[in-house]
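Scroll down for the structure; my scribbles are underneath it.
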Amino acid sequence: MSQTKTLKVRVTLFCILAGIVLATTAVVTDHWAVLSPHLEHHNTTCEAAHFGLWRICTKRIPMDDSKMCGPITLPGEKNCSYFRHFNPGESSEIFEFTTQKEYSISAAAIAIFSLGFIILGSLCVLLSLQNKRDYLLRPASMFYAFAGLCILVSVEVMRQSVKRMIDSEDTVWIEYYYSWSFACSCAAFVLLFLGGVALLLFSLPRMPRNPWESCMDAEPEH
């Protein structure tokens with residue numbers, strides 16, 4: 001592999017590494033969406049919530065003079081619990097009742113598949129760098145692209161889950177916005193998918209420059 005192509009591969013791997021960090025952060029954190037309830041004028045506190053793939057956290061915070069609930073970063077009594085279908089010992093009736101647990105399970109399972117593809121791609125990259133086997137970068141690129149697609153599907157499933165919860169007549173939540181964990185997942189999709197495609201293109205052998213130049217004359221791979 002030429003020095004120019006090696007530099008491109010290293011830059012691409014750095015972008016993929018950033019995508020891996022963002023994807024892992026999104027999967028393990030609980031700030032995909034923030035929910036606000038219907039407010040009564042006589043209330044002095046309100047109960048906002050934020051949740052991720054695995055658990056939901058509610059926080060009772062004081063209302064300001066404008067009768068707005070939030071922001072969620074205000075100090076208040078906080079209570080976090082894992083979703084009941086992941087941990088039967090925890091109580092998360094609000095989330096269990098107002099959304100279909102199939103959405104939550106699907107989003108979490110697809111995110112786990114994404115992490116699995118990331119692990120497989122990273123193993124291929126490590127073997128390639130250790131043994132100088134450049135051809136292993138090609139399956140690694142495919143694994144990273146698949147990981148990015150899984151993150152995208154997980155984001156869409158979570159988005160549909162939030163929408164159905166807000167539209168439900170059985171829920172107290174009437175407002176929502178997506179938070180930084182959701183942004184991390186979207187950025188991870190872009191970096192992993194585009195990085196995987198770029199890595200595949202950079203790791204392919206050089207095509208013949210002239211009609212009479214055969215592929216056998218291309219640069220040998222280690």
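These numbers come from the heavy atoms of this one structure, side chains and all, not from hydrogens, waters or symmetry mates. Counting begins at 1 with the first residue of the sequence.
Taking the six-membered ring where the residue is Trp, H31 and W180 present parallel rings, their angle staying beneath 30° rather than reaching 60°.
Within a 6.0 Å radius of OH in Y178, more than 12 heavy atoms belonging to other residues, nucleotides or ligands are found. With a 6.0 Å radius and a threshold of 12 heavy atoms from other residues, nucleotides or ligands, F146 has its CZ atom at or below the threshold.
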- Query: Going through the checks in order, is the side chain to side chain contact (heavy atoms under 4.5 Å, CB included) test met by F202 and T12?
  - Reply: CA-CA 9 Å; F202 295 148; T12 303; 3.3 Å; yes
Given the rule in the side chain to side chain contact (heavy atoms under 4.5 Å, CB included) test, do L22 and L192 qualify, once you have shown the distances and angles that lead to the verdict? CA-CA 10 Å; L22 291 173; L192 288 173; over 6 Å; no
* To do: Test L17 against L13 for side chain to side chain contact (heavy atoms under 4.5 Å, CB included), laying out the working first.
  => CA-CA 6 Å; L17 178 61; L13 290 176; over 6 Å; no
Fill in: Test side chain to side chain contact (heavy atoms under 4.5 Å, CB included) applied to W32 and S154, step by step
CA-CA 11 Å; W32 283 63; S154 183; 4.3 Å; yes
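When every heavy atom of C150 is checked against every heavy atom of F113, the shortest pair comes out as SG-CB, 4.3 Å. In plain terms, the two heavy atoms of L200 and S141 that are nearest each other are CB-OG, 3.3 Å. Across I16 and L191, no two heavy atoms sit closer than the pair CG1-O, 4.3 Å. Contact detail for D30 and S181: the closest heavy-atom pair is N-OG, 4.2 Å. When all heavy atoms of V27 and A111 are compared, the pair lying nearest together is CG2-CB, 4.0 Å. Nearest heavy-atom pair, C124 versus A140, reported as atom, atom and distance to 0.1 Å: CB-CB, 3.6 Å.
Hydrophobic clustering (ILVMFWY, side-chain heavy atoms < 4.5 Å, transitive): I119 and F189 are in distinct clusters. Note on I112: it does not cluster hydrophobically with L123, by side-chain heavy-atom contacts below 4.5 Å among ILVMFWY residues. Residues L7 and L129 do not share a hydrophobic cluster, defined by chaining ILVMFWY side chains whose heavy atoms lie under 4.5 Å apart. In terms of hydrophobic clustering, with Ile, Leu, Val, Met, Phe, Trp and Tyr side chains grouped at heavy-atom distances under 4.5 Å, F14 and F193 are assigned to different clusters. One hydrophobic cluster holds both L149 and L201 under the rule that ILVMFWY side chains link at heavy-atom gaps under 4.5 Å.
Taking CE of M142 as the reference point, atom CG of L137 lies at 13.5 Å (rounded to 0.5 Å). Separation of atoms OG (S185) and CZ (R159) is listed at 12.0 Å; rounding is to 0.5 Å. Between the CD1 atom in I105 and the CD1 atom in I110 there is a gap of 12.0 Å [rounded to 0.5 Å].
Between V28 and W54 the shortest side-chain heavy-atom distance does not fall below 4.5 Å.
A donor-acceptor pair under 3.5 Å is absent between the side-chain atoms of S161 and the main chain of V157, judged by distance alone.
Side chain to side chain, Y144 and S122 meet the donor-acceptor criterion of an N or O pair below 3.5 Å.
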